[in-house]
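Counting starts at 1 for both ligands and their atoms, following the listed order.
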Amino acid sequence: MENLIQLVNKIQRACTALGDHGEESAMPTLWDALPSIAVVGGQSSGKSSVLESIVGKDFLPRGSGIVTRRPLVLQLHKIDEGREYAEFMHLPRKKFTDFAAVRQEIADETDRETGRNKGISSVPIHLSIYSPHGEIQILAEIFIHSEDLMKNCATRLSLEEDDQEHGAGCAGLSRRWEAVLAGLCHQTNSSRTPMTGVQWAVSAQELISCIEFVRLTVVNLTLVDLPGLTKVAVEGQPDSIVQDIENMVRAFIEKPNCIILAISPANQDLATSDAIKISREVDPKAEAESKNDVQNKNPDGEFNFVETKLTDRDFMKIFSRNIFGERTFGVLTKIDLMDKGTDASEILEGKAYKLNFPWIGVVNRSQADINKQVDMIAARKRENEYFATTPEYRHLASRMGSVHLGKVLSKHLETVIKSRIPGLQSLINKTIIELETELNRIGKPIAADTGGKLYMIMEICRTFDQIFKDHLDGIRPGGEKIYQVFDNQFPASLKRLQFDKHLSMDNVRKLITEADGYQPHLIAPEQGYRRLIESCLVLVRGPAEAAVDAVHGILKDLIHKSMSETMELKQYPTLKVELGSAAVDSLERMREESKRATLLLVDMEYGYLTVEFFRKLPQDAEKGGNPSHSLFDRYNDAYLRRIATTVLSYVNMVCGTLRNTIPKSVVYCQVREAKRSLLDHFFTELGKREGKQLASLLNEDPAIMQRRTSLAKRLELYRSAQSEIEAVAWER
Ligand SMILES: Nc1nc2c(ncn2[C@@H]2O[C@H](COP(=O)(O)OP(=O)(O)OP(=O)(O)O)[C@@H](O)[C@H]2O)c(=O)[nH]1
């Protein structure tokens with residue numbers, strides 16, 4: 001179990017270091033899932049004193065009025081070697097070995113955030129105390145402070161020597177104490193000769209309780225000291241401060257994993273205890289056996305007090321009748337300051353103001369003690385004596401005091417942690433998956449050296465290039481649009497050319513006449529035919545160019561698509577822009593080349609005609625034509641229509657060929673080339689760049705860089721928590 005508590009503390013510490021406190025994170029945090037102990041109560045009720053007693057250290061600012069004005073999250077950590085020191089999260093790397101300086105820094109840091117006018121802030125101060133061999137050091141102090149205790153041993157021993165049973169018990173305790181002492185002398189190189197046997201027996205009981213205390217002080221709890229609840233603002237404070245403090249305290253203690261230490265001073269009426277009232281509101285349920293008493297009951301049986309803010313009167317009515325608090329521990333301070341003739345025995349015995357867990361009374365150091373610098377060990381001793389010797393509390397002594405409080409808290413913490421393990425494990429597993437997914441989404445970190453950077457850029461480019469090819473090859477959608485250009489768009493635009501209209505009688509006549517020049521043709525209008533064919537085929541240039549442009553447009557779209565699908569590019573906006581424009585430049589070059597080649601195909605068609613076609617044409621004579629027609633007759637409509645029909649049929653034949661060859665040219669010059677060498681030019685340019693220029697390509701958004709680092713750290717924390725919790729849970 002010790003392992004488990006240590007583990008929880010370790011994780012909490014790591015959470016602190018990572019700033020994983022929950023408030024700003026979108027994800028559920030480990031911090032929220034881990035138990036911590038918050039100290040709540042009215043102003044000057046003794047919260048900080050109780051916390052110091054549990055911790056066994058004297059380091060908190062103290063005094064009258066509002067002293068704690070920011071939450072203090074305190075984590076204790078045992079280290080293997082070195083000197084005891086404290087560290088604040090806001091001052092990393094600064095080690096405080098003087099605890100008076102720690103106290104001063106808490107006060108200063110509070111002022112820094114809130115100003116000196118007694119304002120408050122909900123921004124916590126995180127303090128870690130690192131303590132090597134804490135047990136040994138404190139044992140050494142106990143050893144010195146116990147001199148007078150030892151002196152009483154003989155007297156007390158002689159009284160109890162006759163008691164056989166007690167004697168045996170004392171002998172057992174004595175052996176334990178001796179073992180501890182032997183270890184202590186060894187560890188502290190003390191020359192003191194350990195006392196032996198029965199000499200220690202009687203004092204051992206009390207010393208063992210000190211050891212328990214020591215043991216508790218090294219149980220590394222996470223403790224939160226909160227500003228004291230108040231009813232009125234003092235001079236210089238805004239009126240809202242009363243509500244602000246309450247809201248802040250509530251935000252901490254309403255978390256189901258928070259164990260509440262509700263501090264009430266015994267020298268004030270418990271009916272007005274702020275601590276009990278607020279704890280009651282956030283932790284209304286009682287343990288199973290008393291739940292029925294609590295649920296849906298109210299003083300008059302009319303409302304559900306779980307959801308309603310109570311008046312003081314109602315609250316006390318309920319409080320006096322019902323037990324509450326699954327996670328609230330009532331602590332009564334200042335018992336030593338109660339008016340003469342009054343005592344807290346009724347409450348401490350559980351007869352009045354009963355809580356689910358019994359009240360624990362403590363006697364902390366008074367202001368005068370603090371001023372006199374009475375140390376914690378002496379204070380502890382005096383507290384023990386107080387309960388052991390005050391007639392009203394003597395019978396309760398074993399259940400009172402800071403040592404007992406620490407013990408109860410530790411035990412409760414154990415139970416809470418045990419019950420939380422399955423929930424913790426599933427939270428950790430779920431968060432690991434979320435973190436991994438998020439990290440994958442934002443991509444790898446940038447390499448430090450030039451080679452690494454170049455490699456990284458090339459890798460990203462290759463990924464992009466592959467995605468682009470996938471689109472063309474049908475692995476991803478989009479490439480099929482190119483075929484639609486060849487199959488629909490291009491043929492349709494050829495059709496729209498309407499050669500028949502171009503070959504109207506007038507136009508044919510005009511072109512033939514022009515081609516004949518001053519000397520009309522004798523047998524066949526050879527030049528006229530050529531002119532007519534050329535005038536038709538020139539029109540094909542338009543659709544051919546349009547096909548080239550259409551495919552260019554599709555390829556450009558695919559580049560944009562591929563860029564947005566290349567996750568790695570999201571990380572590097574500069575690279576994305578440069579890569580995109582390099583790819584588009586390449587496409588542009590390919591378009592020019594494709595246009596040249598495609599138009600060449602068209603031009604070649606009218607540059608040299610297919611002779612075969614004309615040779616195969618039936619001659620007029622063979623067809624029964626009349627070769628004796630006059631020259632004038634040769635320009636009549638029938639003659640021209642025949643020429644137009646022949647030209648149309650030739651042009652259609654050529655268009656049929658171009659319908660096949662133009663797509664070949666476009667694919668060859670643009671699609672195939674884009675697949676083959678889209679980024680060749682960019683790569684060549686890249687090779688010439690210096691380290692700085694490459695780095696500028698990878699100038700990642702700083703917010704992403706920071707997010708990756710923090711996600712990676714959190715992932716590391718969760719992974720180590722996962723394996724450690726598994727190991728500890730397995731041991732249970
Ligand atoms: N005699 C005596 N004095 C106590 C006891 N507990 C606390 N005090 C004194 O009461 C004063 C206030 O104690 P703190 O521990 O600072 O109280 P707090 O609730 O933390 O105060 P704020 O943070 O300002 O709300 C100090 O002077 C303590 O010495 C006690 O049990 N007995």
Side-chain angles (χ1 to χ4, degrees), residues 37-74 103 106-107 109-111 114 118-122 124-125 223-234 237 241-242 244-246 248-249 252 260-268 273-276 278-279 330-340 342-344 347-348 359-376 378-387 390 393 400-405:
I37 300 172
V39 191
V40 298
Q43 258 173 36
S44 297
S45 55
K47 296 177 301 300
S48 305
S49 303
V50 169
L51 197 140
E52 279 192 338
S53 289
I54 297 171
V55 172
K57 293 254 172 298
D58 182 353
F59 62 97
L60 291 172
R62 213 72 54 66
S64 57
I66 180 164
V67 177
T68 311
R69 290 185 288 122
R70 284 177 66 181
L72 177 85
V73 179
L74 172 71
R103 185 182 303 119
I106 294 174
E109 176 59 12
T110 302
D111 286 347
T114 61
K118 305 223 176 294
I120 58 153
S121 161
S122 61
I125 298 176
L223 297 149
V224 186
D225 192 15
L226 292 166
L229 295 158
T230 182
K231 290 200 165 49
V232 281
V234 297
Q237 289 179 330
I241 197 158
V242 176
D244 292 347
I245 295 179
E246 191 181 318
M248 185 199 305
V249 169
F252 270 89
I260 306 168
L261 269 196
I263 313 291
S264 306
N267 58 349
Q268 282 172 22
S273 165
D274 298 310
I276 290 298
I278 197 165
S279 309
V331 179
L332 216 50
T333 56
K334 305 193 181 180
I335 294 178
D336 57 319
L337 296 183
M338 289 181 80
D339 287 344
K340 272 212 167 82
T342 61
D343 66 77
I347 301 164
L348 297 177
W359 283 88
I360 297 173
V362 295
V363 176
N364 296 313
R365 291 179 303 165
S366 65
Q367 191 58 47
D369 293 337
I370 296 168
N371 295 346
K372 276 189 267 163
Q373 297 187 331
V374 173
D375 69 34
M376 296 303 288
R380 182 76 43 252
K381 211 177 108 195
R382 223 178 47 195
E383 184 187 37
N384 282 348
E385 279 169 11
Y386 177 84
F387 284 112
T390 309
Y393 309 121
M400 295 296 127
S402 314
V403 171
H404 180 70
L405 176 61

Looking at ligand 1, does any of its N/O atoms fall within less than 3.5 Å of an N/O of Thr333? no
If only side-chain N and O atoms count, and only distance matters, is there a donor-acceptor pair under 3.5 Å linking Thr342 with Asp339? no
Atom 2 (C) of ligand 1: of Leu51, Asp336, Leu72, the nearest heavy atom sits on Asp336
When you check the side-chain N and O atoms of Asn364 and Thr333, is any donor under 3.5 Å from an acceptor? no
For atom 6 (N) of ligand 1, state which one of Leu60, Asn364, Asn371 supplies the nearest heavy atom. Asn364
Give the atoms of ligand 1, by number and element, whose distance to some non-hydrogen atom of Gly46 is under 4.0 Å. 7 (C), 13 (O), 14 (P), 15 (O), 17 (O), 18 (P), 19 (O)
Select one of side chain, backbone, both or neither to describe which atoms of Val50 lie under 4.0 Å from any atom of ligand 1, heavy atoms only. neither
Cationic N near anionic O, under 4.0 Å, Arg380 to Glu383: yes
So is Ser44 polar-close to ligand 1, meaning N/O to N/O under 3.5 Å? yes
Just heavy atoms, cut-off under 4.0 Å: does Val363 contact ligand 1 by side chain, backbone, both, or neither? backbone
Nearest candidate to atom 4 (C) of ligand 1, where distance is taken over non-hydrogen atoms, out of Arg365, Glu52, Arg69, Gln367: Arg365
Between Ile370 and ligand 1, which part of the residue brings a heavy atom under 4.0 Å of the ligand: side chain, backbone, both or neither? side chain
Donor-acceptor check, side chain of Glu52 to backbone of Phe59, threshold 3.5 angstrom: yes or no? yes
Main-chain N/O of Val374 paired to Arg365 side chain as donor or acceptor, under 3.5 Å: yes
Hey, is the main chain of Ala344 close enough, under 3.5 Å, to the side chain of Tyr393 for a donor-acceptor pair? yes
